[in-house]
Chemist: 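One structure is given below, represented as structure tokens, and several questions about it will come after.
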Amino acid sequence: MVTAEEGAAGVDGPPWRARSGLRAAIDAVLSVLWAPACAACDNPLDQPSRGPVCAACWRSILPLTAPLCDRCGDPLAAWRSISIPLARCPRCRRRRRFVDRARAVGAYDGALRAIVHALKYEGRRSLARTLGAMMRRRGAEVLGGSSCLVPVPLHASRRRARGFNQAADLARAIDLPVVAALKRVRATRTQTGLPAARRHRNVRGAFAVTRAGHALAGATVVLIDDVSTTGATLEACAKVLKEAGVAEVRALTAARVVGR
Ligand SMILES: [Zn+2]
Ligand SMILES: [Zn+2]
């Protein structure tokens, strides 16, 4: 699916316009004096004033291509979209899901993976603005008609260690009210490296709805996170939100692990 905005720009590139003369001069000085490298590809940045990732890396982040599972957003084998009216992947047909619809900017791979890492583990928080702008454009179908964004929270101890919650930074870059509707009531070990079944167990009972979250009964909300791997974290969040009366829970992530 290509939006009019993306179509006009050819590929969905970084949301900045042609360089002004002054900015070009600043960039020329910065690249010589400071010689920073792109946080994703490591090549020298020729426009360092535009942030820590080069334009070529941003442009290389391709949208997941249709047909997609109507629920989780996984790419489907092409025949499915023709043979069943509501296209669902085998996993979504097998089990009940609390997330009604999930979409991502692209696959957790290449430049997008490097950008998420730089944001999360190297504290390059300015990347959340550009990434959030891409989420706004490519996630238009899940954002439409929703009343607010709910960032997936970190446990207080991890939040303190990292200094920020990348999901909240991403949510703030999307143009909708952000509600801290969830909290982590249990510190969980990182999901990285855990097999799918363990991931669901690992986050079970980890989330609770805050007072602000209870005010969302009847609403349609969009969970925001950096990466969705098996969807276990998003499911755990959606479950408690629905138990608190939220009518519809959608999810929008910067990246999605596909082809598991
Ligand atoms: Zn690059
Ligand atoms: Zn699915």
Side-chain angles (χ1 to χ4, degrees), residues 1 11-16 19 27 30-31 34-119 122 124 126-127 129-131 134 139 141-142 196-197 199-200 223 225 227-239 248-260:
M1 218 169 319
V11 194
D12 184 20
W16 59 61
R19 302 206 247 184
D27 280 328
L30 284 178
S31 6
W34 175 36
C38 168
C41 70
D42 238 12
N43 286 322
L45 279 178
D46 59 354
Q47 298 183 58
S49 71
R50 299 294 191 184
V53 169
C54 75
C57 280
W58 284 116
R59 270 198 305 269
S60 74
I61 302 171
L62 300 178
L64 297 168
T65 44
L68 302 177
C69 169
D70 191 62
R71 296 224 116 175
C72 72
D74 250 1
L76 293 174
W79 58 267
R80 271 195 213 290
S81 60
I82 308 159
S83 59
I84 32 178
L86 256 186
R88 302 245 165 109
C89 73
R91 269 187 314 277
C92 289
R93 275 179 293 140
R94 255 198 323 267
R95 48 190 304 204
R96 170 163 189 234
R97 302 255 169 177
F98 295 101
V99 175
D100 296 287
R101 184 157 243 244
R103 289 295 180 266
V105 164
Y108 188 51
D109 217 339
L112 183 52
R113 185 192 177 109
I115 288 168
V116 168
H117 269 248
L119 163 65
E122 295 163 28
R124 313 294 279 264
S126 68
L127 291 170
R129 267 203 307 276
T130 317
L131 214 42
M134 288 179 92
E141 69 172 305
V142 290
R199 283 172 182 254
H200 283 275
L223 286 166
D225 209 356
V227 184
S228 161
T229 304
T230 59
T233 301
L234 295 172
E235 278 294 308
C237 289
K239 181 172 186 283
E248 190 174 334
V249 180
R250 305 171 183 173
L252 177 59
T253 56
R256 172 171 185 80
V257 175
V258 292
R260 278 170 284 124

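Computed from a prediction, not measured in an experiment: that's the story for all the values here. When a ligand or atom number is given, it counts from 1 through the structure's own listing order.
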Chemist: Once rounded to 10°, what is the value of the angle centred on the Zn ion (ligand 2) between Cys72 SG and Cys69 SG?
Modeler: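 It rounds to 110°.
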Chemist: Could you tell me whether Glu248 and Arg101 make a salt bridge, using a distance below 4.0 angstrom between a side-chain N and a carboxylate O?
Modeler: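 No, Glu248 and Arg101 are not salt-bridged.
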Chemist: Show your working on side-chain hydrogen bond (donor to acceptor under 3.5 Å, both in side chains) between Asp225 and Thr253 and close with a plain yes or no.
Modeler: CA-CA 5 Å; Asp225 209 356; Thr253 56; over 6 Å; no
Chemist: Shortest non-hydrogen contact from Leu127 to Trp58?
Modeler: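 Heavy-atom minimum between the residues: CD2-CZ2, 3.7 Å.
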Chemist: If waters are left out, how many protein N/O/S atoms lie within less than 2.8 Å of the Zn ion (ligand 1)?
Modeler: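 Count of protein N, O, S atoms less than 2.8 Å from the Zn ion (ligand 1): 4.
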Chemist: Dump the intermediate steps for side-chain contact (heavy atoms from CB on, under 4.5 Å) on Thr130 and Val53, then the final yes or no.
Modeler: CA-CA 10 Å; Thr130 317; Val53 169; over 6 Å; no
Chemist: So do the side chains of Pro52 and Ser126 get within less than 4.5 Å of each other, counting heavy atoms only?
Modeler: yes
Chemist: Measure across Arg256 and Ala104 and return the closest heavy-atom pair with its distance rounded to 0.1 Å.
Modeler: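 Minimum heavy-atom separation between Arg256 and Ala104: CB-CB, 3.6 Å.
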